[in-house]
Amino acid sequence: MPELPEVEIVVQCLERLLPGRTIRSAQLRRPRLAPDTNPRLFAARLRNSTIVSVTRRGKFIILKLEKRWTLITHLRMSGRFMLLGADQEDPKFAHAVFHLDGDERLVFRDQRHFGLMKVVETAKLFETKDLAKLAPEPFSNDFSLDYLTTVLKRSKRNVKQLLLDQTKVCGVGNIYASEAMFIAQINPLRRGTQISRAKIAALREAIREVMNETLELGANMQIDRANIGGNIYGSGAAPDWRVYDREGSPCLRCSKPIVRIVQGGRSTYLCRVCQRK
DNA sequence: ACCCTCACCTGCACGC
DNA sequence: TGCGTGCAGGTGAGGG
């Protein structure tokens, strides 16, 4: 489900719900969710700890606890958090359950089993490999035109796959990659080295623009405790992407049909006319 | 150092 | 209706 904006919205919801709450006990029901630990250690480290903050780095959710430990979660494709009352049953695929004070529980459910959790020492949080190697946050000053230019000029890969590389550009996923390249009118097959500085500048803006659109949707959202951060686009409605998932539909700029190609085994959508270069 | 392919899972939409 | 196929918003391991 999530790329950076969707993760950010989950984080904003959790940040409103969790700080100050105490994890009475934690159950790792599917050990492979947290391959670096085991259920006993997982429970021991998290029990009776108060949640201090919920933040994000790239697509990782960072739940800081009082005392020594921080819980890092990556939702991957289908991970979701839910906050349930005592009268509500666990859903299918509830791979981790955190019993909170007041008989509520935070449940992590993940149909496709791709999600990951890690418990790390707060003091060494950003030394954790996953976080350490991430590219700058796209809304930070470090994500500068010079930065993006250097990254692109140094690479022979095509732009699309480069955009998905979290160590080069962080937070972009398969949807926003297509969307941003359409706005910047860049051909996804072009290599980084072939892109003009003007197009790189447009791409940088476009990445921020597409992310901002979703972030704004999430800003006024009502929290759904059964699917935290999961109803940004309204109940069940798919958002109106410019090109993503619009194969055969008319381009919004020139009306020629949007085409779908496959790069690195994943769909890319583009307009052959508007994105010639 | 880089880049590609595959693997990890379940479920859904599609065509026969 | 059922069954096979391909696809899904993510990444790492392992190979070249």
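Not measured: the values here are computed from a predicted model. Residue numbers start from 1 in every chain, and the chains themselves are labelled A, B, ... in the order their sequence lines are given, proteins ahead of strands.
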Heavy atoms of other groups near A:D36 CG, more than 12 under 6.0 Å: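 Counting other residues, nucleotides and ligands, CG of A:D36 exceeds 12 neighbours.
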
Heavy atoms from other residues, nucleotides or ligands near NZ of A:K153 exceed 12 (cutoff 6.0 Å):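 More than 12 heavy atoms, drawn from other residues, nucleotides or ligands, come within 6.0 Å of this atom.
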
If I pick the [atom1] atom on [M] and the same atom on [N], what distance separates them, to the nearest angstrom?
{"N": "C:dA13", "M": "B:dT10", "atom1": "C1'", "value": "22 Å"}
{"N": "C:dG9", "M": "B:dC3", "atom1": "C1'", "value": "23 Å"}
{"N": "C:dT11", "M": "B:dG11", "atom1": "P", "value": "22 Å"}

Closest to the A:R260 side chain, choosing from C:dC7, C:dG10, B:dT10: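 Among the listed nucleotides, the one closest to the side chain of A:R260 is C:dC7.
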
A:S267 side chain, from C-beta outward: closest of B:dC3, C:dA8, C:dT11: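 Nearest to the side-chain atoms of A:S267, counting from C-beta on, is C:dA8.
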
Side-chain donor-acceptor contact under 3.5 Å, A:E6 with A:Y176: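 The criterion, which ignores hydrogens and geometry beyond distance, is satisfied for A:Y176 and A:E6.
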
Just to confirm, is there a sub-4.0 Å distance from OP1 or OP2 of [N] to any side-chain nitrogen or oxygen of [X]?
{"X": "A:K92", "N": "B:dG11", "answer": "yes"}
{"X": "A:R154", "N": "B:dC2", "answer": "no"}
{"X": "A:H74", "N": "C:dT11", "answer": "yes"}
{"X": "A:K156", "N": "B:dC3", "answer": "no"}

Interatomic distance, [X] [atom1] vs [N] [atom2] [rounded to whole Å]:
{"X": "A:R109", "N": "B:dC9", "atom1": "CZ", "atom2": "P", "value": "17 Å"}
{"X": "A:K160", "N": "B:dC3", "atom1": "NZ", "atom2": "P", "value": "16 Å"}
{"X": "A:L162", "N": "B:dC2", "atom1": "CG", "atom2": "P", "value": "11 Å"}
{"X": "A:M117", "N": "C:dT11", "atom1": "CE", "atom2": "P", "value": "16 Å"}
{"X": "A:R191", "N": "B:dC4", "atom1": "CZ", "atom2": "C1'", "value": "13 Å"}
{"X": "A:R266", "N": "C:dG12", "atom1": "CZ", "atom2": "C1'", "value": "14 Å"}
{"X": "A:K118", "N": "C:dT11", "atom1": "NZ", "atom2": "P", "value": "13 Å"}
{"X": "A:R57", "N": "C:dT11", "atom1": "CZ", "atom2": "P", "value": "13 Å"}

DNA chain C-proximal residues of residues 163-184 of chain A, any heavy atom under 4.0 Å: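 Under 4.0 Å from DNA chain C: A:Q166, A:G173, A:N174, A:I175.
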
Sugar-phosphate, base or nothing in reach of A:Q111, heavy atoms under 4.0 Å: base

Touch class at under 4.0 angstrom, heavy-atom based, for A:S155 against every strand present: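 Sugar-phosphate, backbone atoms only, no base.
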
Candidate list A:L18, A:T73, A:L46, test side-chain contact (heavy atoms from CB on, under 4.5 Å), partner A:L63, passing option: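 Among A:L18, A:T73, A:L46, the one that satisfies the side-chain contact (heavy atoms from CB on, under 4.5 Å) with A:L63 is A:L18.
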
Any-strand Watson-Crick or G-U partner of B:dC8, both distances under 3.5 Å: C:dG10

Pairing partner of B:dA13 (Watson-Crick or G-U wobble, both distances under 3.5 Å): C:dT5

For A:V159 against A:L203, the heavy-atom pair lying closest together: CG1-CD2, 4.1 Å

salt_bridge(A:D90, A:R29) N-O dist < 4.0 Å: yes

Electrostatic pair A:R21-A:D101, nearest N-O below 4.0 angstrom: yes

Show me the protein contacts with nucleotides 5-8 of chain B, counting only N or O atoms at under 3.5 Å.
| residue | atom | partner | partner atom | Å |
| --- | --- | --- | --- | --- |
| B:dC8 | O3' | A:R32 | NH2 | 3.1 |

Sidechain-backbone polar pair: [X] side chain, [Y] backbone, donor-acceptor under 3.5 Å:
{"X": "A:R105", "Y": "A:G85", "answer": "yes"}
{"X": "A:T50", "Y": "A:E66", "answer": "no"}
{"X": "A:K199", "Y": "A:Q185", "answer": "yes"}
{"X": "A:Q161", "Y": "A:N158", "answer": "no"}

